[in-house]
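Have a look at the structure below, then the notes.
Just so it is clear, the model here is predicted, and its values are computed rather than measured. Side chains included, hydrogens not; waters and symmetry mates left out as well; all remaining heavy atoms used.
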Amino acid sequence: MRDLLLEIGLEELPAQYVLRSEKQLAERVTTFLTDARIQFGAITVYSTPRRLAVLVKDVEEKQQDLTETLRGPAKKIAQDAEGNWSKAAAGFARGRGLSVDDLYFAEEKGVEYVFADRHETGQATSTLLPALEDVVRGMTFPKNMKWGTSSLRYMRPIRWLVALFGAEQIDFEIEGVKTGNVTRGHRFLSKGDVTIAEPALYAETLEREFVVASYEDRKARIEGQIAELASEQGWTVQLDASLLEEVTNLVEWPTALFGEFDASYLDLPEEVLITTMKEHQRYFPVYVGETLQHYFVTVRNGNADHLQNVAKGNEKVIRARLADAVFFYEEDQKTKIDEQLVRLDRIVFHEKLGTTGDKVRRVEQLAGTLAPLFDADAAKVARAGAIHKFDLVSQMVYEFTELQGVMGEKYALQQGEDEEVAAAIREHYMPRFAGDASPSTPTGAVLALADKLDSIAAFFGIGMIPSGSQDPFALRRQAQGVVQILADWKIALPLDKLLSQVVDSQLQAGLYDADKEQVKAQLKDFFMLRLKYRLQERQVRYDVIDAVLTTELAINRLDARADAVQSMLANDAKLLIEQLTRVVNIAKKGEAGTVDPTLFENTEENELHAAIETTLPETEQAVEVGDYHQAITSLRALEQPISAYFENTMVMSDVEAIRENRLREMKRLATTIESVADFSALVL
């Protein structure tokens, strides 16, 4: 057994794509070895801004032998009446490297087929490994580029390739770059090209050339260095997870240091300071207790030489950034909200959907209709709806787009707006991402829901529907936000009715010209996927998801319905589900109407009717209050009466009056059953 090393050397990768590319390479190498029938041991992945690498331990020297039984055409196709082999049989043998002499007949499920046994002796692993070229070429990235005369589209240009099987080099070439055993160390600290003697020495060799090849090792070093700085200075340094990941993927040899800026800049809103440090400079903010300090921590891609000069350079950059922020902040405070609102009519939201000012007015109107659902103050909703986008024309938000909503809240408070109205300006963007909180105020929740629904429905109305990985207006994220808000605030209005209301209002306003029912159907399908994802994240069974999503889409009850059905499946419910499904299926043949007990012909019919009279009100009441556990418990009382009914009663009687009466009974019962779930979707 030997170790295998594959390294792709590149120009600096965007930090946000390093880890996912590392994972993809490992998965592709694993699939390659598995498909090639090459046994192997543990896999270790490496990545830095300039390289992606995989080290595979204990790779077998020889591919496993393959013995398989192949089934061909049926005997009646494989031979003619005289027993001669047909073209189909000969083609089957030839296509598998065999002759007709290797064919034989065997029976399978009562039919005779042609079979052949094929044995393939495993090849030497070293002869198969050059096919790793396809692994490298097959890598996919969110964004690609071409370079020079290259025909390959890749995240960044490939500069070197290392491919080793033990000490043996694996030969292939990609866009003029040949594989070898030579890698590169740190761009500035290394003395030049570096030879990898064998795969197991990969990380150790790079370490000597100032490259920490493991992401986890670099991350641990950064955390340790920052913790040491914080301890020495008496600080608390917030290690934001996403920023830590980004910084780790920006460096190959991390060295933490700190700098400072003038304390007068602390007069700026804390969000401005943190955004400037984290989003624009990749700095970690420094606190003492809960108080932000005029210091920052950063990580250098290099050693500890001349750190003072590096710190001064960073201080110079952030000083200029903060000076700009002070100017923007002071200038914004000179402008009244109403003056900024006028300027929204000069910003195009979308060429087919008008200006941002038009959108603000649509959201304001929609928010007014939604306010009662949240018991929100109508006056506050109206004011927040009218001004919720005003900060988009502020200089601060123009320069620091991450602060939209945040600065709106601060500026609104400075100009005397109500606290909840001001908070709604910030909260209407929530939830901003997966895991973010929903708005905490009724006004904010109403505005967030109205803004997201308006955008989603409007873009669907003009045919801008997300497809594949394409979602330029982040409609999936906004739809997930709609679902989260409705769930968190326990809003009873079903989602499909809410969507219908929004589309109707947009069509009435002449926002677009589209088939109303088609737009509504597309929106419902779009949101159904979001609801499925939500339930999948809660570990709900796939068939339970199908069962509960066929009923009215009241999100506030979706979780309770799914939990009740899943709990029912954990208890012996096979007979109940079968009987309820049978009722629903046969009810499809009838129409709703009044049941006449005088037409009953047997005891079981009377007993089922009596049980229905007792059970249905209980079930309907439980559904009304969202207690689906109780609804299913109530339906359990019908299990035996339904079973006895079907054993002794022919629903589809030859007598029309009796048949129609029985179908009305089934229809009445089916309507209540379907209000709980589609039990036919459950897999027993």
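Between W147 and L152, the closest heavy-atom pair is CZ3-O, 3.7 Å. D391 approaches G408 most closely through the heavy-atom pair OD2-N, 3.1 Å. Taking every heavy atom of both residues into account, A412 and A422 meet most closely at CB-CB, 3.9 Å. Closest approach of W489 and P439 over heavy atoms only: NE1-O, 3.1 Å. Pairing each heavy atom of D436 with each of Q484, the nearest pair is O-NE2, 2.8 Å. Looking at every heavy atom in both residues, L307 comes nearest to A256 through CD1-O, 4.3 Å.
With no hydrogens or angles considered, a side-chain donor-acceptor pair links N301 and H186 at under 3.5 Å. Side-chain polar atoms of K359 and H350 form no donor-acceptor pair below 3.5 angstrom. Side-chain contact annotation: E7 with T183, donor-acceptor N/O pair under 3.5 Å present. Side-chain contact of T443 with E420: a donor-acceptor pair under 3.5 Å is present, judged by distance alone. Between D332 and Y411, the side chains place a donor N or O and an acceptor N or O closer than 3.5 Å (distance only, hydrogens not considered). No hydrogens or angles considered: a donor-acceptor pair under 3.5 Å links the side chains of E427 and T441. For the residue pair R51 / T48, a side-chain donor-acceptor distance below 3.5 Å is found, with atom types taken as modelled.
Enclosure of atom CZ in F473 by more than 12 non-hydrogen atoms of other residues, nucleotides or ligands within 6.0 angstrom is indicated. Shown here is Q414, whose CD atom has more than 12 heavy atoms of other residues, nucleotides or ligands within 6.0 Å. More than 12 heavy-atom neighbours from other residues, nucleotides or ligands sit within 6.0 angstrom of CD on E232.
Atom-to-atom distance recorded for Q333:CD and Q415:CD is 9.0 Å, nearest 0.5 angstrom. Interatomic distance, CG of L161 versus CG of L10, reported as 8.5 Å (0.5 Å rounding). How far CZ of R432 is from CD of Q404: 6.5 Å, rounded to the nearest 0.5 Å. Here the straight-line distance linking atom CZ of R208 with atom OG of S190 works out to 11.0 Å at 0.5 Å rounding. The line from CZ of R477 to CD1 of I456 is 10.0 Å long, rounded to the nearest 0.5 Å. Atoms CD and OG1, on E270 and T291 in that order, are 8.5 Å from each other to the nearest 0.5 Å.
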Passes side-chain contact (heavy atoms from CB on, under 4.5 Å), R300 versus V251? Steps please. CA-CA 7 Å; R300 176 192 191 184; V251 299; over 6 Å; no
Pair D563-R538, salt bridge (Lys or Arg N to Asp or Glu O under 4.0 Å): steps then yes or no: CA-CA 10 Å; D563 290 343; R538 297 184 66 250; 3.1 Å; yes
Would you sort out whether V286 and T236 count as a side-chain contact (heavy atoms from CB on, under 4.5 Å), showing the intermediate values? CA-CA 6 Å; V286 170; T236 298; over 6 Å; no
Using the salt bridge (Lys or Arg N to Asp or Glu O under 4.0 Å) rule, take E175 and R137 through it: C-alpha gap first, then chi angles, then the decisive distance, then the call. CA-CA 10 Å; E175 302 300 326; R137 289 183 178 273; 3.7 Å; yes
Given the rule in the side-chain contact (heavy atoms from CB on, under 4.5 Å) test, do L344 and V393 qualify, once you have shown the distances and angles that lead to the verdict? CA-CA 7 Å; L344 292 176; V393 296; 3.9 Å; yes
Just do the salt bridge (Lys or Arg N to Asp or Glu O under 4.0 Å) check on K410 and E271 with the steps written out, would you? CA-CA 10 Å; K410 294 189 176 299; E271 294 86 350; 3.4 Å; yes
Steps toward side-chain hydrogen bond (donor to acceptor under 3.5 Å, both in side chains) verdict (K389, H428): CA-CA 10 Å; K389 300 280 189 190; H428 90 272; 3.2 Å; yes
Yes or no on side-chain contact (heavy atoms from CB on, under 4.5 Å) for I318 and M277, after CA distance, side-chain angles and deciding distance? CA-CA 8 Å; I318 197 170; M277 286 188 274; 3.5 Å; yes
Check against side-chain hydrogen bond (donor to acceptor under 3.5 Å, both in side chains), R28 and Q24: CA-CA 6 Å; R28 287 181 178 274; Q24 181 190 166; 2.9 Å; yes
Please walk me through it: do D240 and K278 pass salt bridge (Lys or Arg N to Asp or Glu O under 4.0 Å)? CA-CA 9 Å; D240 177 87; K278 291 173 62 174; 3.5 Å; yes
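K191 and E209 are not joined by a salt bridge, as no carboxylate oxygen comes within less than 4.0 angstrom of a charged side-chain nitrogen. We find that E399 and R321 are joined by a salt bridge, their nearest charged nitrogen and carboxylate oxygen being less than 4.0 Å apart. Under the 4.0 Å criterion applied to side-chain N and carboxylate O atoms, R2 and D58 are not assigned as salt-bridge partners. One finds no salt bridge joining R221 and E216 here, because no Lys/Arg side-chain nitrogen approaches an Asp/Glu carboxylate oxygen to under 4.0 Å. Salt bridge E537/R534: absent, no basic N to carboxylate O contact under 4.0 Å.
Here the side chains of L413 and E419 are in contact, with some heavy-atom distance below 4.5 Å. Side-chain contact between H388 and Y429: absent, with no pair of heavy atoms (C-beta onward) separated by less than 4.5 Å. In this structure, V272 and M396 have side chains that are in contact, with non-hydrogen atoms separated by less than 4.5 Å. Using a 4.5 Å cut-off on side-chain heavy atoms (C-beta onward), L268 and V326 make contact. Looking at K380 and P442, their side chains never come closer than 4.5 Å, going by heavy atoms from C-beta outward. At a threshold of 4.5 Å between non-hydrogen side-chain atoms, the residues I8 and V162 do not count as touching. Between T298 and Q281, every side-chain heavy-atom pair lies at or beyond the 4.5 Å cut-off. At a threshold of 4.5 Å between non-hydrogen side-chain atoms, the residues M139 and F141 count as touching.
Checked against ring-ring contact (aromatic ring centres under 6.0 Å, His included), F349 has the following partners two or more places apart in sequence or in another chain: F459. Residues that satisfy the side chain to side chain contact (heavy atoms under 4.5 Å, CB included) test with Y215, not counting sequence neighbours, are L19, E22, S47, R218, K219, E245, T248, N249. For R187, the salt bridge (Lys or Arg N to Asp or Glu O under 4.0 Å) test picks out E11, E12, with sequence neighbours left out.
Screening Y295, Y287, F284, F296 against W235 for a ring-ring contact (aromatic ring centres under 6.0 Å, His included) leaves a single residue, Y295.
Side-chain N or O atoms of S150 include none that pairs as donor or acceptor with a backbone N or O of K146 at under 3.5 Å.
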